[in-house]
Every structure is written in C-alpha cells, then in structure tokens.
Chemist: 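Please read through the structure below; I'll follow up with questions.
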Amino acid sequence: MRTAGRSRAVGGPQVLIRCLLILSSAVFLFPFLHTVAQSFSDPRFILSGSVFFLPRGPTLDAYRALLKDLSMLRSLAFTVELTVLGVAVSLVLSTLAAFPLSKPGLKGRNLLLGAIVFTMYFSGGLIPTYILVKRLGFLDSLWALILPGAVNTFNMVVMMTYFRGIPKELEEAVEVEGARPFLVLLRVVLPLSTATLATMVIFYGVGYWNTFFSGLLYIQDPKKYTLQVRLYQTLDSVDTMINGQLLGASDREVGSSAKLVAENLKSAMVVLTTAPIIVLYPFMQRYFVKGATVGALKG
Amino acid sequence: MKRRVLILALAALLAVAMGASATGTREAASTVTTVTQLCWDRGQVPSAEGDITKNWYTDFVNQKVAALGLKVEFKPVQRNKEAEILPTLLAAGNAPDICYSYDKNLIVQFALDGGLVDFGPLMDQKSARNLLGYYRSEDLKAGQVNGGQFMFRYMNTNDGTLSLTWIRQDWLDSLGLAVPTDLDSFTAMLRAFKTKDPGGKGAKTVPWAVKKSTNYWDNNVMPAFVKDKPVGEKMAVPSPLWPEAKDALRYMNQCYNEGLLGDLILDKDDTLFKQKFVLGEMGALTDVAHWPFHSAYGELYKNLQKNVPQAKIVPATPFRKASEENWVALFRSEIYTMSFFSPKNKTPEAAKLAYMDWLASPECVNAVLYGVEGRDFEIKDNMPVKLESWNKKVSWLQPQYGNVSMRAFWDRPEIKLPTEMDFPPYQQLWLSANPMARRGDHPWARPEINAPTPMAVKYTAQITSEWNNALPKIVTAAPGKFNAVFDAAVAEYRRNGGDAVEKEARELYRKIYGK
C-alpha cells in the first residue's frame, strides 16, 4: 500500500509538474549562473565564447577593479543608507495609514481609501512631481528618493487587509484596560503582524535597493548615486570602465593582455548589486510567503 | 495625551531628519556670477581623480574663468538617460545655464517657444572674440532658428570614427590579392575567401560580416549604388526611401545567399560577431573605424593576434563603383552634431556668453583634448604628443564635458594639428585608416533643418525600429522572395509614417533652401 501510495504521489502529472518546475527554475537560474561564471572568467575565454556555467581561467580582476573604485563603495554605502531609512519610513507611514483604515467604523474611510487607491491608477506626472520635489527642497537628498513613493498603495492595502483579520476581541481586551488605539497598534496588532511586516520589509527593501529612475532624475551629486545608477552606467557605457579609468597603469601597459573587458565587468557589477538581495531572501522567505498570502486572501 | 506627544515627537523627528539631510544650502552671496554647466556623466572619471563635479579639470576651469568674474558649477546627468532627463529639467526650469544635446528638435522647439537665450544681439568682437574667431559664418548659421543665435553647433570634423571595412591582410597576401577598391573587386575577394579558405577555418569561415546593432547598409554599402552625387533635397529623405536602397540590400541578400555574408546580422548583441573576429574566422568586416583597436570593445585585434599570430588587418573603402568618388558614410557625415544652448533663467546672459566664449578658446579646447602641457602632453617637432598621464587625466574629459568644439586649434602658429596617436602599438595602422574615416574629409552632409519637424518626432523612432527589425529578414530572404520581403518592408515603413516624414523633410528643405 505504501509503495503504491508513493508511486502515486510521484507518478503521472506529478512528474510532469516537477519537470516543468525544474525547467522553469533552470530558465531563471542559468542566466544568473552564466553571469556569475563570466564575472570570474578570463576575458580571453569570454571573448572566444567558451564560458557557460563555470568560470574559465578563474580571476578576481573584475571584482578587484570594482571594489577598488571608491565611487562604487560610496554608492553601496548610500544605497544601504537609503534602503534602511526608506524601509523604516515606509513601514511607519504604511502602518499608520493601514491601521485606522482597517477599522470599519472610521469616518470618511471609503473616501480616504478611494483617494489612496486612486494613486494606483493615476500619478501626478513626471514634470509636476519633479517641480514639487524641487520646491520642497529635496533635490539631491535622500528624501527625494523616499518621500514621493514612501507609501506604496498596494503594500498598504495588504497591511490593511491583514490588520482587519486580527480578531477584534484581542483589541477589545486591552481597550477595556484603557488602552488607546495607538497602544493597541503597538502592543497587540504589530506583535501579531510580524509575518506581514517582514514581507513589507522585503517589498520596500527591494524597491529601495533597486532605486533607479528617481535616482537619475533627482540626484545630481555623484556622491549620492544609487547602486542601480552605477550599475546602469556600467552596463550601458561599454567604454565606461574599460578605458583605463578603473584600472591602474599596470593594467594598461602597452602590449599587456587586457585583464578586463566589458563582459566580465558588467557581470561582476550585476553580481555585486543583486547579491545582497539574493542573500536576504532565504532568511525572509517563510515570512514572505506567509505574509503575502495571508494579507492577500483575507478580505 | 501620551499619544499626542508620541505623534508630535515622531513628526518632529522626521522633520529634523529631513532638514538635516536635505541639501541645496545656499552659498553666501558674492560678487562672482555662478554659471552652471551640464555634463554627461558616463562614469568615466577615475576615482583617484575625484568625480564629475570636482576634479582637476573643474578646478582648472574655475581657476581660468575667475578672471572673467565667473564661477562654474557642473551639473551631471547620466549620458544615456539625458534624452529623458534634460526635457524634464528644461520644463521644470531647473536646467543648467549651459546645456548641450543631440536632440535638435527639442532645442528648436524651446527656441520657438521663447525658452532659450538668443546670443546673437550680445555677440561682438569684444564679448565673443573666441566664438567669432572659431566659427565661420555658415557654422553660426547652422545654429540659428528664425535668425536667432540659439545654438552653437558642435563641429565633429576629425575624430576618425566613421565606418569603414577592415580586411584580413594575411588572407589577401596568401591569395595574392590586392586590397579591393570597388564593389567588383570586393565581391571577387569574398568569393576567393569562401572557396580558397585562406584562414583554414573550413565551414566556420565568414568572408564578410556586418552587425545588426549598427546598420551600415546605408552608410557603407549603398554608396556603391548611388547614381547621383549625394547633395540637395534627396539628402533630407530617410535612407530606406532612397531608390538605391533596394539595390544595396539586394547585393547584401545575394552575398548572404551565396555564403559570402555571414548571418551575424542576426546576432542580437554582437557577441558572436566579436568571437568570430577574435577566433580568426572573419575575412572582412564593416564597422566603425576604431572597432578592432578600441579597448571599449575588448581590444579585439590584439586578441585576434594572440589566437592567430600571423593575422593582420588592412582598412578599405570598397563600396564604390570603379573610378567614382567615394561616398562612403553617406548618412553619418554630419559636420554638426551636438548643439550647445542656454535656457532663459535668472543668470545674466552676458555671463553665460562670457563662459561660452571661453569654452571656444584655444586655452579650453586644447585643455579638453590634450590636458596640461608638460604633464599630459609635450610639443615635439611642433606637434603635441600625448604623455603617459593623458590616459588617466584627459581621456575622459571630452566625452563627458563636451565642448563648443572638438577641433583642436592653437593660438601658437608654429604648432601643427596632430594626427591621432591612439591605440598603441597600432598607431601606424590606425593612421592609415584615419583619413578614410574622418568626417571632415567627407564633404557631403545631411542638410541642416532648424525648424520643428513634428512628423519626424512622431514617427521616426517607431519606423526606424520596425525597419531595423525588417533588415535581417530582407538580407536573409530566399533569393526568390527578396523583392516581396523588401517591398513589404518599405510599404510598411511608408504606411507607418515614412511618407509623412519624407513629405515634411522635402517641404522644409524647399522652404529653407529655396528649391
């Protein structure tokens, strides 16, 4: 019986589903493995097209060149600062918006919610938003990258939906003790919402880590370029770092072999900018799945 | 009560944090006029040299313009997003005092809307000595809109970066062939490469290759089929609508079907193109002149010689009929490319002109091109020669700060204009190719149309993209289907806006040039 049960579990459609899942995983995984392999490979093998999923002529030259570049490290530090501060601000603001809106008795709730949801479909437009940010004096500051998108409507609605699902009795238990709504939020709702909050940390964290267009638009001080802007520079300007700029004189000696080509630098840059998020994901995954589905399904 | 205190404390914390981080602190008022200049950040400034807004060059500029009562601040935008960001900055009234762009339509539109400074009335021998000394009257005219001097056009005359054809010299030598000088000898050479396989690469041999990413069919191949001298109204017409386009693409189609042209036109990101060259499997290629040497592409010639030590390449311009003028680079030979302009704002226009004039001075132009004498270059035999530090300190200046001009000129009459000295150890080879690929040596150019072109703005990007996607299909079509595929692509091009763009171009040409 047991054998029959087991064979039923992995037979027929199950095998097909698993094969499809393995195939689709491979579709996503292989380009990344190829990128990692290129980032560690000697340009000679890259140029002759013989690098696939394992590095050939292993070298750390591309990483050395990138990490030697102070501006790259500055961008890394700035992006970390942006992500930490941005996530904190977004979490606070989203929570403070979601909690009252989760209360059915809130006066004008539908109007407020409607106004907030409206922003999911319509924005102020590029130039008016730019003028607003400029007049607020935020140009060239972190706040230009945080405040215009501090509350993501979708995330706020997910939080609001989750808060609504918390049994009212739990809140009432502390309210009868005299607790005001803010204390209820702090002492009851938030401790019960760790999965959703962790999910929001990922959502907002990835968003801030990947800040790109607002970084291009609002930031003119090179010391405040985000990592994605630097990545874009690297990927887009084929001659950006190859033309002897990142390299010391020894790398550029006449007749010496080029240690870097566009391909391995670009790959190393992609690995450097994506690695922190990839490292973070496994630790947050159980919260992520739980938080996203719980918030999405309860209505 | 506690709740209110907590909320107030949170709000106060946020406000304090915002105040502390927000930049844009105003500097103390001074009698010096501050002028801001756009710069394109390509990420090329070596970190040891500072950054795009603060480095030896920005210090040099400020040191020199201090005598004019000016202070210059540099405002970077990312080079490849400039086309999106600059219009936003202009519309929001936050663009730098001195801007530059390739988007002439944008500049013309802002000029017509009254948003740009007309330098014409301000310019005289005193205020614009350098500009008037450098620009000929026709150069100044190229920057005029309705008679107003709204632009100073960037003259791209001697950079040697037009496209040409590189051929494997060792393959020619082993077959006893001369460098082809016309289409017939080029085709014969390709056939010999294919049948006699001088590289010994067998089926992997690619006699001739062009890339998908750069459509050299019109610049390079079409000149071999052009019947009349490329001047006048015809030059305003998009290349797919030229009657000779079909002949040029038929030639490429025939080459493809005969196995003379590789299928690298299908190579999405040019990776295979590079590989074939580096592995010594490519007999000839048509591309931008410095492609085999430039480190931006991976010093491919150097890598080729590592794989095939006897490999040598030679430049050629074979796409012409026997004994006829070389019309190569038909569509890429514009003398004027980028334009400098200034949006109207509170900065005094005289100060802007003073800075623009300094930008056109030998002191500035030569600093951008050669750096500091003694440190980055020296004068040898009355010719500037780049020194070791040029690469570190100067090579990144011109592509990022632009300049009113790119053509070197000296206020010391004994100094000769230098010839390009890049790409060691291949300078001699590069020198032999350079004259074939200099814009200044190609007298024909697309006509300047300084008027709004709404049809071109509306349709060009879309139809160009569609046409670029159609090109590989045309080139690789089966011989019997070439006519149908080509005609369908041109009909589509016309239908989706090509006709409107052509009509507009012809009408504007007649309006501006009289016929």
Side-chain angles (χ1 to χ4, degrees), chain A residues 43-44 46-49 68-72 74 85 89 92 96 126-127 130-131 134 136-144 147 180-183 213 216-217 220-225 229-230 232-234 236-247 249 252 254-255 257-258 261-263, chain B residues 2-3 6-7 10 14 17-19 21-24 41-54 74-81 84-85 87-89 91-94 271-272 274-275 277-279 294-300 302-303 306-307 388 391-392 395-396 399 424-425:
Chain A
R44 204 171 149 202
I46 297 173
L47 286 173
S48 57
K68 210 164 64 179
D69 182 7
L70 280 180
S71 65
M72 198 69 73
R74 258 200 317 255
L85 191 61
V89 169
V92 170
L96 292 179
L126 183 65
I127 293 168
Y130 181 89
I131 292 172
K134 178 189 159 199
L136 288 170
F138 290 161
L139 288 183
D140 262 343
S141 85
L142 268 178
W143 300 104
L147 288 186
R180 296 283 187 171
F182 199 77
L183 206 60
F213 192 72
L216 283 178
L217 193 62
Q220 285 192 311
D221 180 354
K223 293 182 183 66
K224 293 173 182 169
Y225 284 166
V229 171
R230 290 288 296 161
Y232 177 77
Q233 275 185 339
T234 312
D236 210 56
S237 304
V238 71
D239 56 350
T240 292
M241 297 180 190
I242 315 298
N243 201 15
Q245 315 318 336
L246 262 179
L247 317 178
R252 295 276 309 159
V254 173
S257 62
V261 289
E263 285 75 8
Chain B
K2 269 186 184 172
R3 185 188 59 167
L6 200 60
I7 291 169
L10 271 174
L14 197 64
M18 283 160 58
S21 291
T23 56
D41 193 349
R42 296 175 189 253
Q44 287 181 317
V45 184
S47 56
E49 295 295 326
D51 62 41
I52 188 86
T53 59
K54 176 80 178 147
F74 293 88
K75 301 286 179 190
V77 294
Q78 298 298 316
R79 162 66 186 102
N80 289 303
K81 286 287 175 184
E84 290 168 58
I85 292 173
T88 307
L89 298 179
N94 202 38
T271 307
L272 276 176
K274 282 184 188 175
Q275 286 172 14
F277 179 78
V278 167
L279 293 172
H294 205 293
S295 53
Y297 307 102
E299 296 184 327
L300 297 164
K302 210 177 267 181
N303 278 291
K306 269 187 225 158
N307 290 328
E388 176 79 21
N391 211 28
K392 242 189 265 177
S395 61
W396 41 272

Chemist: So which heavy atom on B:T53 is nearest to which on A:P222, and how close?
Modeler: CG2-CD, 3.7 Å
Chemist: Using 0.5 Å steps for rounding, measure from the CZ atom of A:F213 to the NZ atom of B:K81.
Modeler: 6.5 Å
Chemist: Taking the side chain as everything from C-beta on, heavy atoms only, tell me whether A:Q233 gets closer than 4.5 Å to B:Q78.
Modeler: yes
Chemist: A side-chain contact here means heavy atoms from C-beta on lying under 4.5 Å apart; do A:Q220 and B:L89 qualify?
Modeler: yes
Chemist: When heavy-atom pairs shorter than 4.5 Å are enumerated against chain A, which of B:I85, B:N94, B:I52 gives the highest number?
Modeler: B:N94
Chemist: How many angstroms lie between atom CD1 of A:I127 and atom OG1 of B:T88, to the nearest 0.5 angstrom?
Modeler: 5.0 Å
Chemist: How long is the gap from CD on B:Q275 to CD1 on A:I46, to the nearest 0.5 Å?
Modeler: 10.5 Å
Chemist: Using a cut-off of under 4.5 Å for heavy-atom pairs, which of A:L216, A:V229, A:L70 has the most such pairs with chain B?
Modeler: A:L216
Chemist: Heavy-atom distance under 4.5 Å between the side chains of B:D51 and A:S71, does that happen here?
Modeler: no
